[in-house]
Amino acid sequence: MYHALALKADGTLWSWGHNEYGQLGLGDDDDRSSPQQIGTDADWVAVAAGNYHSFAIKADGTLWSWGDNEGGQLGLGDQDFRSTPAQVGTDSDWIAVSGGDLHSLAVKSDGTLWSWGDNYRGQLGSGDATNHFSPVQVGTDADWVAVAAGNDHSFALKSDGRLFGWGRNDKGQVGVGDTSDRTVPTPIGEGTLWSFVIAGR
């Protein structure tokens with residue numbers, strides 16, 4: 001919220017906006033009103049902004065995070081804030097990532113779905129309310145292709161066009177026809193083929 005991330009054609013990573021929690025990745029907590037380069041690396045291929053935290057994926061498939069971490073949403077195994085990019089684990093097969101409020105979602109190249117962070121409304125999709133400070137696999141399916149993390153709710157898209165939602169649902173935001181929370185991925189619009197999803201806060 002209140003910050004932005006972008007990539008240039010040369011593979012450099014840039015940020016601007018609000019920086020109270022170090023979410024700009026510039027090593028401090030000073031706000032910026034124009035784009036500033038994060039580090040000097042030129043091999044970034046994807047970015048995602050959560051509420052007060054940030055992610056980027058490098059060409060080698062490694063995942064990096066920084067910013068607010070009170071819910072463990074950075075996936076670094078703790079709850080410490082980071083003001084510069086820190087690698088999430090050692091895996092190098094990440095292809096998609098999305099940040100919500102205090103939780104995050106990602107997909108690996110093998111089609112598996114992963115989540116971490118705060119889970120008080122089931123937004124991690126793990127079937128319970130246990131928080132996780134490092135990535136944990138959601139189920140065993142290996143045909144996921146995209147993710148979208150909302151405030152306390154989540155979505156993921158499968159390769160066959162099926163869409164699933166879970167987490168907080170008091171306003172019907174999960175899209176499953178009622179207002180009951182879901183703690184595991186639940187199909188949305190049976191028989192419908194979806195191509196893209198994005199979640200609001």
Side-chain angles (χ1 to χ4, degrees), residues 5-15 25 38-50 53-67 69 71-78 82 84-100 102-119 122-127 131-150 153-167 183-188 192-199:
L5 305 168
L7 296 178
K8 285 193 174 184
D10 63 3
T12 55
L13 176 60
W14 299 71
S15 65
I38 300 174
T40 59
D41 293 347
D43 55 350
W44 302 101
V45 296
V47 291
H53 63 296
S54 305
F55 294 100
I57 298 175
K58 287 194 171 187
D60 64 3
T62 56
L63 175 62
W64 299 72
S65 64
W66 60 97
N69 196 31
Q73 63 264 43
L74 296 186
L76 301 172
D78 57 42
R82 303 297 199 285
T84 57
Q87 187 174 347
V88 179
T90 59
D91 293 345
S92 57
D93 54 353
W94 301 101
I95 61 170
V97 63
S98 182
L102 299 177
H103 80 292
S104 307
L105 308 170
V107 176
K108 289 189 173 185
S109 59
D110 63 1
T112 55
L113 174 62
W114 299 74
S115 66
W116 58 93
D118 189 89
N119 195 30
Q123 60 264 45
L124 298 189
S126 56
N131 297 340
H132 294 279
F133 299 156
S134 298
V136 292
Q137 187 174 347
V138 180
T140 59
D141 291 350
D143 54 352
W144 302 100
V145 295
V147 286
H153 60 300
S154 304
F155 300 97
L157 187 66
K158 289 199 170 190
S159 58
D160 63 3
R162 287 184 294 154
L163 179 63
F164 291 74
W166 63 96
T183 60
V184 296
T186 304
I188 298 172
T192 303
L193 298 182
W194 306 91
S195 62
F196 181 80
V197 62
I198 192 167

Are side-chain heavy atoms of Ser154 and His103 found at a separation under 4.5 Å? yes

Return the set of residues passing ring pair (Phe, Tyr, Trp, His ring centres under 6.0 Å) with Trp144 (not counting sequence neighbours), or none when no residue passes. Phe164

If you take all heavy atoms of Pro135 and Val88, which pair is closest and at what distance? CG-CG1, 3.8 Å

Between Asp41 and Thr12, do the side chains contain an N or O donor and an N or O acceptor separated by less than 3.5 Å? no

Looking only at heavy atoms, what is the nearest atom pair of Asp143 and Arg162, with distance? OD2-NH2, 4.2 Å

Rounded to the nearest 0.5 Å, how far apart are CG of Leu163 and CD1 of Ile188? 4.0 Å

Determine whether Lys158 and Asp141 make a side-chain contact, defined as any pair of heavy atoms from C-beta on separated by less than 4.5 Å. yes

May I ask you to decide if Leu74's main-chain N or O and Ser65's side chain share a donor-acceptor pair within less than 3.5 Å? yes

Please identify each residue that fulfils side chain to side chain donor-acceptor pair (under 3.5 Å) with Trp114, with sequence neighbours left out. Thr112

CG/Leu124 to CG/Asn131 distance, rounded to the nearest 0.5 angstrom? 7.0 Å

Sub-3.5 Å donor-acceptor pair from the side chain of Trp194 to the main-chain atoms of Gly161, do we have one? no

Here the gap from Ser126 atom OG to Gln137 atom CD, rounded to the nearest 0.5 Å, amounts to 12.5 Å

Qualifying residues under ring pair (Phe, Tyr, Trp, His ring centres under 6.0 Å), relative to His53, sequence neighbours excluded: Phe55

Set of salt bridge (Lys or Arg N to Asp or Glu O under 4.0 Å) partners for Asp60, sequence neighbours left out: none

Minimum heavy-atom separation for Gly72 and Phe133, please, with both atom names. CA-CD2, 3.6 Å

State the CH2-CG distance between Trp66 and Leu76, to the nearest 0.5 angstrom. 11.0 Å

Qualifying side-chain hydrogen bond (donor to acceptor under 3.5 Å, both in side chains) pairs, either residue in residues 86-96, two or more places apart: Asp91-Lys108

According to side chain to side chain donor-acceptor pair (under 3.5 Å), who are the partners of Thr186, at least two apart in sequence or on a separate chain? none

Considering non-hydrogen atoms only, spot the tightest contact between Leu7 and Leu13 and give its length. CD2-CD1, 3.7 Å

Heavy-atom closest contact (Ala148 atom, Leu105 atom, distance): O-CD1, 3.6 Å

Which heavy atom of Val47 sits nearest to which heavy atom of Ala56, and what is that distance? CG1-CB, 4.0 Å

